[in-house]
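Down below is the structure, laid out as structure tokens.
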Amino acid sequence: MEQLEYIKSILPFMLSGLELTVKIYFGTLLIALPIGVLAAVGKVSGPPILKKILYLYTWIWRGTPLLLQLFFVFFGLPVLGIKLSPLPAAIVTYSLNYGAYLTEIFRGGLESIDKGQYEASKALGMSYGQTMRRIIIPQTIRRVLPPTCSEAVNLVKDTPMLALLGMADLLRISNQIFTRDFNITSYVLAFIIYLIISSVLVKLFGNLEKKYSVYE
Amino acid sequence: MEYILEILPVLLKGLGISLKIYVTVIVLILPLAILVAIGKVSGPQILKKILHLYTWIWRGTPLLLQLFFVYYAFPYFGITLSPFACVILAFVLNIAAYEAEIIRAGIESIDKGQYEAAKALGMSYWQTMRRIIIPQTVRRVLPATCNEAILTFKDTALVATVTLGDLMRSAKELVFADYRITPFIVAFAFYLLISSILVQLFAKLEKKYSIYE
Amino acid sequence: MIRMSNIHKYFGDLHVLKGVSLEVKKGEIVSIIGPSGSGKSTFLRCMNQLEKIDKGVVEIEGMVVEAAGDVTEKVTAFPKDVRATYRKMGMVFQNFNLFPHMTVLGNVIEAPMTVNKTDKVAAIEIAEQQLAKVGLLDKIDAYPSKLSGGQRQRVAIARALAMKPEIMLFDEPTSALDPELVGEVLEVIKKLAADHMTMLVVTHEMSFARELSHRIVFMDEGEIIEECPPQQFFEAPSHARVKLFLEKML
Amino acid sequence: MIRMSNIHKYFGDLHVLKGVSLEVKKGEIVSIIGPSGSGKSTFLRCMNQLEKIDKGVVEIEGMVVEAAGDVTEKVTAFPKDVRATYRKMGMVFQNFNLFPHMTVLGNVIEAPMTVNKTDKVAAIEIAEQQLAKVGLLDKIDAYPSKLSGGQRQRVAIARALAMKPEIMLFDEPTSALDPELVGEVLEVIKKLAADHMTMLVVTHEMSFARELSHRIVFMDEGEIIEECPPQQFFEAPSHARVKLFLEKML
Amino acid sequence: GCGGQKSEDLSWTKIQDKGQFVVGLDDNYPPAGFHDATGELVGIDIDLAKEAAKRLGVDVVFQPVQWDGVMMNLKNGDIDVIWNALGITEKRKKEIAFTNVYMIDKNVIVVPVNSSIKTKADLAGKIVGLQAGSTAEPAVTDDPIGKELKEIRKFENPTQALLDLQAGRIDAVVTNEMNGRFLINQENAQDKYHILSEEAGYFGEEPYGVGLRLEDKAFLAELNRVLDEMKADGTAAQISEKWFGANIIE
Ligand SMILES: Nc1ncnc2c1ncn2[C@@H]1O[C@H](COP(=O)(O)OP(=O)(O)OP(=O)(O)O)[C@@H](O)[C@H]1O
Ligand SMILES: Nc1ncnc2c1ncn2[C@@H]1O[C@H](COP(=O)(O)OP(=O)(O)OP(=O)(O)O)[C@@H](O)[C@H]1O
Ligand SMILES: [Mg+2]
Ligand SMILES: [Mg+2]
């Protein structure tokens, strides 16, 4: 009972941390998705110089830890004279990081489409643009949906790194309550909240996948 | 340049700790993950339920939170482990949960015909698993597993939060002490180097395992 | 040798086998023909327990090895003997189902070694014998992926033969093959026939069925609707459905 | 209608077509036969620019649409006209290559709408006409994954026909089909023949080639080694390689 | 100022233009700054900063930051002042400017209640925990005993170090007295910790000041002015009474 009272007393504060988590989450998705699509198309059919640049981009951003990237953007860029306030800085870093992963997913998807689909389109007289837009991209979306959704779920679980930058997300706040009250309830609560969010997302994305698989 | 030479020993020491954690985690994960996967595919109902719960919770929550939990909350239940042991425990439980799912999917992706052919030849379930299914599964899950292995290396950057002086922490301390970003850049280079090496290594491994394709 | 009596099989609500009975004698070659979905594969698979039957009796060499549903016979043999009896059947699948991670030799010695506990030297000897029979001694170290379809199917046959079966079941052994490769597999099966191997063959190859089998069984919608020697089957089938089918096929 | 002169094609070092020439007249039906790997598909694909040729000349209705290597002819037509000319060719593939994310109707109206800018109502009208011709009007809203192989191939044919081609290229249109489903596709091709459609068919179906084609072309190792009317081809082939091939196939 | 060799210090004007200054702090550092049960940011430094802002006629914004990077935040311009029990050290003086001292604290040694560590000298061979980037870090390493320690473990904040002390992974925690006393008086921590007496030993006096950028001289002067005012008219003493029940403001 006492425990319940305690939970009730800390919950509003914890949920205020969730707000930041949610902002970062949607901000990132909104930017990372277009980056992924465009960079993937560039990687598959862009000019060699663009391909090289995009290769470099995915190599660096996939090859180093997100945490280091965050520290770099938060503390390194200002030294070079580039100043961003915390929220945009976080969103930019997350977006570039996830954009790099999504690029590779989408590229894999594009390349997995059977050559026969291109040939059939060409034999019907369709141009490259028409083929991509009408035939290849729609099939790619279906194919990359599962890994994309799983990245989207991973993102939820990467947002707690904000806590290490002093941003008051759900984890930092539960950490604060924990260290203030010497009571692990806030951690348990955080576990449950994250579990609920990722389970809900898994469910949602599952429905999305189902919707897109009508033709199978 | 001189500055880089000056900070290099500190960063290298941090890298050493990162690598020590990494290797320990990697060595422990595979056996655990294979057992969990087999349990999930063909264990008794109750075991399946428990393993489902395990993978659900550990895949559904952030590694960082798990790390904090193991480090700060376990002592409340009377379990006090050294920082290194905490890190290993949190990482192994987390990554094994992911890896177990990969292996399970791998086992389930093997063509039904393989089971049937083995059965038609008179092989028992365990003979079939050991001789026919698992070897093919290993080949099939190799790419996803290598991917996981590379991600794991980058995740080691999180251990700085529980007092271990890994590469990430060394770099951070240097940056904050000297107000220069060079340590970050050197750390970037180290991580990039190691993950590129890992990519190469795993590509070789995949090639080796693909002789029969 | 084999007697299947009044076999019924359901997949969910789908009644796939509706009381099929068939007897095969030692040395006999029986071809099973019929339209797609008529239950030919299912029937064959019920014979060697790849599918559980829902009703009926399976007898092999006089021993009841499976009895289900409302029947008077019971399985009285020890499980060990039942298993040993099943081992007398070799099966060859449409899609070969070779073990892709093993070489040709590895495929053929696997079952003798793990199931019969034959030692490796002896197993290799058996394997070489069988591979010679199917004409693939030179491919002994190749992986299945490097073989043509016809070669794969011949390895699959050698693999089944290495267990010294007394009866071979073939489920459309040539229908996954390019037309040009069908011949080499049929050649091997003909050789087995010459050795008086008992065989049950589901096939779409009419000329093969006509030439080789002692008896042809025609299945339709889960029932055997015609069962007679090949000549009668092709020249004077009694059933309209069979006539229609033959017209389409030839 | 089409004239291919001295076509050469390499894949890397592999010389796949070694100077192949062929002329097809309006309303003619030509079957291309030959062993696997002889270059039949490649030749067909060179015809409608799915493969670039390395040497030779492609002429369609008197217009040089492609000329490569050391030849005197040049492509003089405007690119626009060349494209329009190519559109007169419809192609049907062995693996159908239907668009899996579109319904049957979607597949058939796609090209008329995007390429010819036909409006949707008119495109549907054309589609219904063609689907009626291949007997699939009732499957108009199904997705390809829900169709049998034979039905898929018939949709692929309808899809090609919807572009009102003057010549149809078929690359082994029935070889990915179960034997029982081959008939329905050949039936549709026969209908096209009756309508005097010009057709080039790579096939393994000897009876079909014999019955329908005006001319049979036999390819081996990148060359045409026999070219004659079907009767002569099957009864008195001049080339030993052809005889061997026919023995194996029949 | 731009272009001039002697640029005028516009720091105070800028603050006035913005109408606010940004305080960087570790918002998990009671009683200087922390969140109370309702999540509100409170603390003695919070109160002091608010009062100072009122007197300066501008708003104050509190920006929680990662403590070990706080100096960088200041230099990078993310925040305007550090006001969070910031110890004045020689090393820090090289990097940033400080206001006049407003409080003097010391780094004390916290041990579990029945620890064998009775004096500072007993720390030899023990593991000591402290907050990364705090003054405790140089205070311990620069002390002679620092060389005799087994290990120094760095935590994100003193609370985590205290928790680890309770868990038994470390033997002692060095943190400033104000924070240490506040924490161990918490409900769940009472009777678990013990702070070594002044005689038993501690690590240096620690005067607190507000940290600013070296170049922000004009703002520094303003801040010093209002701080002195607050001390003079007793407001600072009132705030101290509220938090400590006594006036410890210097
Ligand atoms: N595992 C299964 N689950 C559900 N239905 C099945 C299963 N296996 C077969 N069926 C159905 O049972 C029926 C008979 O199938 P079976 O494979 O025995 O036919 P078949 O005569 O061998 O056909 P084919 O010539 O195409 O191989 C079909 O309708 C099929 O869809
Ligand atoms: N894209 C390609 N790259 C490299 N080699 C190719 C390619 N396409 C075909 N080949 C090779 O060219 C040769 C001719 O192939 P092609 O597909 O034209 O033969 P085909 O007569 O159609 O055979 P099939 O009857 O098996 O379809 C073969 O040796 C084949 O391996
Ligand atoms: Mg079958
Ligand atoms: Mg071909």
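All of these numbers come straight from a predicted model, not from anything done at the bench. The chains referred to below are lettered A, B, ... by the order of the sequence lines, with proteins before strands, and numbering in each begins at 1.
- For E:Glu137, no part lies under 4.5 angstrom from a heavy atom of chain B.
- Applying the 6.0 Å contact sphere to NZ of E:Lys18 captures more than 12 heavy atoms from other residues, nucleotides or ligands.
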Q.
For B:Tyr179 and E:Met71: C-alpha separation, side-chain torsions, deciding distance, then whether side-chain contact (heavy atoms from CB on, under 4.5 Å) applies.
A. CA-CA 8 Å; B:Tyr179 309 102; E:Met71 306 276 278; 3.1 Å; yes
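- A heavy-atom distance below 4.5 Å is found between the side chains of E:Arg169 and B:Tyr71.
- Other residues, nucleotides and ligands contribute only 12 or fewer heavy atoms inside 6.0 Å of the NZ atom of B:Lys13.
- Counted within 6.0 Å of NZ on E:Lys106, heavy atoms from surrounding residues, nucleotides or ligands total more than 12; the atom is thus considered enclosed.
- At a cut-off of 3.5 Å, with distance as the only test, no side-chain donor of E:Asp164 or B:Tyr72 sits close to an acceptor on the other residue.
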Q: Go through the steps to decide whether B:Lys172 and E:Asp68 satisfy the test side-chain contact (heavy atoms from CB on, under 4.5 Å), and finish with yes or no.
A: CA-CA 9 Å; B:Lys172 217 170 80 177; E:Asp68 49 8; 3.5 Å; yes
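- Around atom CZ of B:Arg131, no more than 12 heavy atoms belonging to other residues, nucleotides or ligands sit under 6.0 Å away.
- Most heavy-atom pairs under 4.5 Å with chain B, from the set E:Gly168, E:Ala167, E:Gly129, E:Gly133: that is E:Ala167.
- For the atom pair CD (E:Glu151) and OG1 (B:Thr163), the distance works out to 7.0 Å, reported to the nearest 0.5 Å.
- In the displayed structure, B:Lys48 atom NZ is contacted under 6.0 Å by more than 12 heavy atoms of other residues, nucleotides or ligands.
- Between chain B and the residues E:Glu156, E:Met72, E:Gln166, the most heavy-atom pairs under 4.5 angstrom are made by E:Met72.
- In this structure, B:Arg169 CZ and E:Lys154 NZ are separated by 6.5 Å, a value rounded to the nearest 0.5 Å.
- Among all heavy-atom pairs drawn from E:Lys91 and B:Ala177, the shortest one is NZ-O, 4.1 Å.
- The CD atom of E:Glu95 lies 9.0 Å from the CG atom of B:Asp178; values are rounded to the nearest 0.5 Å.
- Interface summary for chain E: among B:Leu81, B:Thr161, B:Ile79, the most heavy-atom pairs under 4.5 angstrom belong to B:Leu81.
- Your options are B:Ser82, B:Pro83, B:Gly78, and the one with the most heavy-atom pairs under 4.5 Å with chain E is B:Pro83.
- Under a cut-off of 6.0 angstrom, the local environment of NZ in E:Lys192 is crowded, with over 12 non-hydrogen atoms contributed by other residues, nucleotides or ligands.
- Counting non-hydrogen atoms of neighbouring residues, nucleotides and ligands closer than 6.0 angstrom, the OH atom of B:Tyr115 exceeds 12 such neighbours.
- Contact of the B:Tyr76 side chain with the E:Leu163 side chain is registered, since non-hydrogen atoms from C-beta on lie closer than 4.5 Å.
- Residue B:Val175 touches chain E through both its backbone and its side chain, counting heavy-atom pairs closer than 4.5 Å.
- Residue E:Lys147 qualifies as enclosed at atom NZ: its count of foreign heavy atoms under 6.0 Å is above 12.
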